[in-house]
K.L.:
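Dumping the structure here so I can ask a few things about it.
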Amino acid sequence: MKTNYLKKYIISSYILVWALIIFVAGTASLVFHAPPVIMWIVRNLIAWSPTYLLLIGWKHFRPDETRMVFIKRCFSGKVKLLPALCSFALTFGLSVLALFIFSIIMGNSMLSYIDFGKTALPLSIFLSFTSGPTGEELGWRGFMREEFHKKYGFLKSSVCQGLVWCFWHTLLWVVDSDFTDWRAIPYVISNIVVITSMTVLMNIFLEWHNNLLYSVLLHFGFNILYVFLDADIGFFMILTVLYLVVTPIAVLVRNRTAERLL
């Protein structure tokens with residue numbers, strides 16, 4: 001029977017991240033009462049778990065290829081300034097637009113929903129960039145994308161990847177969310193829609209440019225606002241609608257571009 005390396009990787013990644021959240025982050029928070037910056041660093045280390053798992057357990061997931069060949073392929077495409085800026089601006093812009101609409105509806109200024117906190121701005125940006133954007137992409141958009149693409153076409157593969165990535169965050173929705181009442185339902189729905197849509201957008205950039213830097217920047221563009229955001233569930237509902245509008249348009253553009261190249 002042929003080994004299902006993708007299934008092994010997905011199950012292992014879930015077990016690892018949940019164990020790290022419970023035993024490492026839980027201990028740091030509940031036992032040692034670590035300050036916010038230390039907890040942020042702990043979360044960043046946990047966010048890198050898909051990469052740790054892939055590289056350390058490489059022979060269990062891709063025994064027919066070396067790590068270096070795989071990594072070189074993931075970053076083989078030429079990086080172009082304009083597409084790189086667009087990858088960041090796309091997700092960052094959607095978040096800003098959602099906040100703008102939300103602020104108008106609520107009758108407040110956008111800045112009233114931004115809290116820079118006590119951590120220095122450069123450190124906040126650095127910690128945001130070195131968490132999920134740089135820590136997760138080699139596993140999700142590197143290994144997992146290739147494996148799903150072997151089985152399915154572009155859209156089905158992207159949706160499957162998005163759902164795996166989305167529910168990998170399940171435990172965080174419980175322990176690291178402010179929405180523990182009825183708002184948890186639209187918050188989870190928003191996560192499912194937005195994360196899956198982001199995966200589709202990432203895969204379009206990767207199909208065109210074949211360099212994980214684009215998905216890193218797209219991921220960072222999404223994450224950076226949430227470092228400072230202090231908004232209610234209405235923001236996430238608006239963001240969900242925006243992604244439901246933008247993603248099908250992006251898929252249509254991708255399909256038409258592919259047709260012209262045939």
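One-based numbering along the sequence shown. These numbers come from the heavy atoms of this one structure, side chains and all, not from hydrogens, waters or symmetry mates.
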K.L.:
Closest heavy-atom contact between Leu217 and Ser87?
P.N.:
CB-OG, 3.5 Å
K.L.:
Group every Ile, Leu, Val, Met, Phe, Trp and Tyr by side-chain heavy-atom contacts under 4.5 Å, then state whether Ile15 and Leu172 land in the same group.
P.N.:
no
K.L.:
May I ask you to say whether Arg141 pairs ionically with Glu136, meaning some side-chain N is under 4.0 Å from a carboxylate O?
P.N.:
no
K.L.:
Quick check for you: to the nearest 0.5 Å, what is the distance between His219 atom NE2 and Ser131 atom OG?
P.N.:
6.5 Å
K.L.:
Strictly distance-based, threshold 3.5 Å: is any side-chain N or O of Thr91 a donor or acceptor partner for the main-chain N or O of Phe222?
P.N.:
yes
K.L.:
Return yes when atom CD1 of Ile185 has more than 12 non-hydrogen atoms of other residues, nucleotides or ligands closer than 6.0 Å, and no otherwise.
P.N.:
no
K.L.:
Minimum heavy-atom separation for Tyr152 and Ser157, please, with both atom names.
P.N.:
CB-N, 3.8 Å
K.L.:
Take atom NZ of Lys156 as the centre, draw a 6.0 Å sphere, and report whether it contains more than 12 heavy atoms from other residues, nucleotides or ligands.
P.N.:
no
K.L.:
Looking at Leu244, is its backbone amide N or carbonyl O close enough to the side chain of Thr247 to form a donor-acceptor pair, meaning the two atoms are under 3.5 Å apart?
P.N.:
no
K.L.:
For the CE atom on Met39, are there more than 12 heavy atoms of other groups (residues, nucleotides or ligands in this structure) within a distance under 6.0 Å?
P.N.:
yes
K.L.:
Okay, side chain of Ser49, backbone of Ile46: is any donor-acceptor separation there less than 3.5 Å?
P.N.:
yes
K.L.:
I'd like to know whether Ser103 forms a side-chain hydrogen bond (donor to acceptor under 3.5 Å, both in side chains) with Asn108, so could you lay out the CA-CA distance, the side-chain angles of the two residues, the decisive distance to 0.1 Å, and finally the verdict.
P.N.:
CA-CA 5 Å; Ser103 65; Asn108 299 315; over 6 Å; no
K.L.:
What closest approach, in Å, do Asn203 and Phe154 show between heavy atoms, and which atom pair accounts for it?
P.N.:
CB-CE1, 3.6 Å
K.L.:
Could you tell me the separation between the CG atom of Leu94 and the CG atom of Leu90, rounded to the nearest 0.5 Å?
P.N.:
5.0 Å
K.L.:
Keeping the roles fixed (side chain from Thr199, backbone from Ile195), state whether a donor-acceptor pair exists under 3.5 Å.
P.N.:
yes
K.L.:
Taking ring pair (Phe, Tyr, Trp, His ring centres under 6.0 Å) as the definition, give me every residue that meets it alongside Trp208, ordered by chain and number, with sequence neighbours left out.
P.N.:
none
K.L.:
Given Trp168, which partner from the list Trp173, Tyr9, Trp18, Trp140 fulfils the ring pair (Phe, Tyr, Trp, His ring centres under 6.0 Å) test?
P.N.:
Trp140
K.L.:
Would you find a donor on one side and an acceptor on the other, under 3.5 Å apart, between the side chain of Ser29 and the backbone of Ala25?
P.N.:
no
K.L.:
Got a second to check how far Phe236's CZ is from Tyr226's OH, nearest 0.5 Å?
P.N.:
6.0 Å
K.L.:
Calculate, to the nearest 0.5 Å, the distance between atoms CG and CG belonging to Leu206 and Leu218 respectively.
P.N.:
9.0 Å
K.L.:
Closer than 3.5 angstrom, by distance alone: can the side chain of Ser190 be matched with the main-chain N or O of Pro186 as a donor-acceptor pair?
P.N.:
no
K.L.:
Decide if the gap between the ring center of Tyr5 and the ring center of Phe61 is smaller than 6.0 angstrom.
P.N.:
no
K.L.:
Walk me through whether Asn210 and Ser76 qualify under side-chain hydrogen bond (donor to acceptor under 3.5 Å, both in side chains).
P.N.:
CA-CA 6 Å; Asn210 195 35; Ser76 61; 2.8 Å; yes
K.L.:
Would you please indicate if the ring centroids of Phe228 and Tyr113 are separated by under 6.0 Å?
P.N.:
no
K.L.:
Spell out, as yes or no, whether a donor-acceptor pair under 3.5 Å connects the side chain of Thr196 to the backbone of Val193.
P.N.:
no
K.L.:
For Phe75, does the CZ atom have more than 12 heavy-atom neighbours from other residues, nucleotides or ligands under 6.0 Å away?
P.N.:
yes
K.L.:
Output yes when Arg183 and Asp178 qualify as a salt bridge under the 4.0 Å nitrogen-oxygen rule, no when they do not.
P.N.:
no
K.L.:
Is it the case that over 12 heavy atoms from other parts of the model lie below 6.0 angstrom from the NZ atom of Lys150?
P.N.:
yes
K.L.:
Looking at Glu65 and Arg62, is any side-chain nitrogen of the basic one under 4.0 Å from a carboxylate oxygen of the acidic one?
P.N.:
yes
K.L.:
Please table the atom pairs, donor to acceptor, closer than 3.5 Å between any side-chain atom in residues 77-86 and protein atoms at least two apart or in another chain.
P.N.:
none

